[in-house]
K.L.:
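I'd like to ask you about the structure that follows.
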Amino acid sequence: MSDTPIAKSILITGCSSGIGYDAAHGMRARGWRVFAACRQADDCARLKAEGFEAPLLDYTDETTIQSALAEVLAATGGTLDALFNNGAHGLPGAVEDLPTDALREIFESNFFGWHSLTRAVIPVMRAQGGGRIVQCSSVLGFVTMPWRGAYNATKFALEGLTDTLRIEMRGTGVHICLIEPGPVTSKIRANSIPHFERWVDWKNSVRAEQYQRSLLKRLYESSGPDRFELPPDAVTKRLIHAVESPRPRPRYYVTLPTYLSGILRRILPTRALDWVLSR
């Protein structure tokens, strides 16, 4: 019988780029067995070529959620030490220009799919006596910004559900954590363009001039990193603490804007905070 310890296992979603891709590499470097899930088969193939086990998982497709988890459990003998829900997309646009079906679509990928996977993982972790579930939320999960209503809504919903789950899971050995990044280098802005073009009829909006003056430039014109932007390994560092610390924190702030927003939300009246966030 081998004395070599069995590597702990983690399922990470949204690993094609950005936060998920960095997290997959970072956790593997620490000796974890990483299942680096992606929504597209081509991305799964690319990660497999890099030596990862990379199940296909699309949050909008329940079949892939169940098959991806089944693939992981078959490989580990039925256990999973950690889940990092990360894959998500944006849908920029003024709230009054967002069709209800657009909100339904983004909630499928940013919220309902996460919930489905989380529910499927909890019985596994209960049976093994514990585990870690880490949700990649956002500073936009507790403060709002204009033009980001759809994304704000999914993250606010995620924060509420996760806070409730954390309380409910007390004493089970299953720890629930939130990571709340501000500006982090990723492809989320570029990846949001097809959703914007599909759903937002900005040319016929009463805000057409505002779109041209602000949102379109941000979407289509590269202006370099955002102010205070950090590389994705800033999130990976928080993930490592969340899954390895004996006492993980309920929430982890990432980037200066997140810390500042947390402070301002506590000390400013609503009207004053609205003024700051609308600048």
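Model, not experiment: these values are computed from the prediction. Atom set for the values below is all heavy atoms of this structure, side chains included, hydrogens, waters and symmetry mates excluded.
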K.L.:
Does a side-chain heavy-atom distance below 4.5 Å link Tyr252 with Val235?
P.N.:
no
K.L.:
Are Arg132 and Phe84 packed together at the side-chain level, in the sense that at least one heavy-atom pair is separated by less than 4.5 angstrom?
P.N.:
no
K.L.:
When you check the side-chain N and O atoms of Tyr59 and Asn110, is any donor under 3.5 Å from an acceptor?
P.N.:
no
K.L.:
If the condition is salt bridge (Lys or Arg N to Asp or Glu O under 4.0 Å), which residues does Arg39 pass it with, not counting sequence neighbours?
P.N.:
none
K.L.:
Taking only residues two or more places apart in sequence, or in another chain, which ones meet Arg170 in a salt bridge (Lys or Arg N to Asp or Glu O under 4.0 Å)?
P.N.:
none
K.L.:
Mind checking side-chain contact (heavy atoms from CB on, under 4.5 Å) for Arg227 and listing every partner two or more places apart, or none if nothing turns up?
P.N.:
none
K.L.:
Could you tell me if the side chain of Lys48 sits less than 4.5 Å from the side chain of Glu53, heavy atoms only?
P.N.:
no
K.L.:
Taking the inter-plane angle between the rings of Trp202 and Tyr211 on a 0 to 90° scale, is it parallel (under 30°), tilted (30 to 60°) or perpendicular (over 60°)?
P.N.:
tilted
K.L.:
What I'd like to find out is whether the side chain of Ile193 reaches to under 4.5 Å of the side chain of Glu197, using heavy atoms alone.
P.N.:
yes
K.L.:
Which side-chain N or O atoms in residues 112-125 pair as donor and acceptor under 3.5 Å with protein atoms at least two apart or in another chain?
P.N.:
residue, atom, partner, partner atom, Å
Trp114, NE1, Gly87, O, 3.0
Trp114, NE1, Ser109, O, 3.2
Ser116, OG, Glu62, OE1, 2.7
Ser116, OG, Glu62, OE2, 2.9
Thr118, OG1, Asn85, ND2, 2.9
Thr118, OG1, Trp114, O, 2.8

K.L.:
Evaluate the criterion side chain to side chain donor-acceptor pair (under 3.5 Å) for residue pair Thr258 and Thr255; output intermediate values, then yes/no.
P.N.:
CA-CA 6 Å; Thr258 304; Thr255 74; 3.2 Å; yes
K.L.:
Mind running salt bridge (Lys or Arg N to Asp or Glu O under 4.0 Å) on Glu244 and Arg30 for me, showing each step along the way?
P.N.:
CA-CA 10 Å; Glu244 294 185 358; Arg30 294 186 67 83; 2.7 Å; yes
K.L.:
According to the ring pair (Phe, Tyr, Trp, His ring centres under 6.0 Å) rule, which pairs have a member within residues 150-195, sequence neighbours left out?
P.N.:
His89-His195
K.L.:
Going hydrophobic residue to hydrophobic residue with side-chain gaps under 4.5 angstrom, can you get from Met169 over to Leu161?
P.N.:
yes
K.L.:
Would you call Asp22 and Lys237 a salt bridge, taking side-chain N to carboxylate O under 4.0 Å as the test?
P.N.:
no
K.L.:
For Asp43, what residues pass the salt bridge (Lys or Arg N to Asp or Glu O under 4.0 Å) criterion, not counting sequence neighbours?
P.N.:
Arg46
K.L.:
Show, in sequence, the C-alpha distance, side-chain angles and deciding distance for Tyr259 and Glu180, and conclude whether the side chain to side chain donor-acceptor pair (under 3.5 Å) test is met.
P.N.:
CA-CA 10 Å; Tyr259 283 96; Glu180 297 161 325; over 6 Å; no
K.L.:
Quick one, Leu230 and Thr185 - any side-chain contact, counting heavy atoms below 4.5 Å?
P.N.:
no
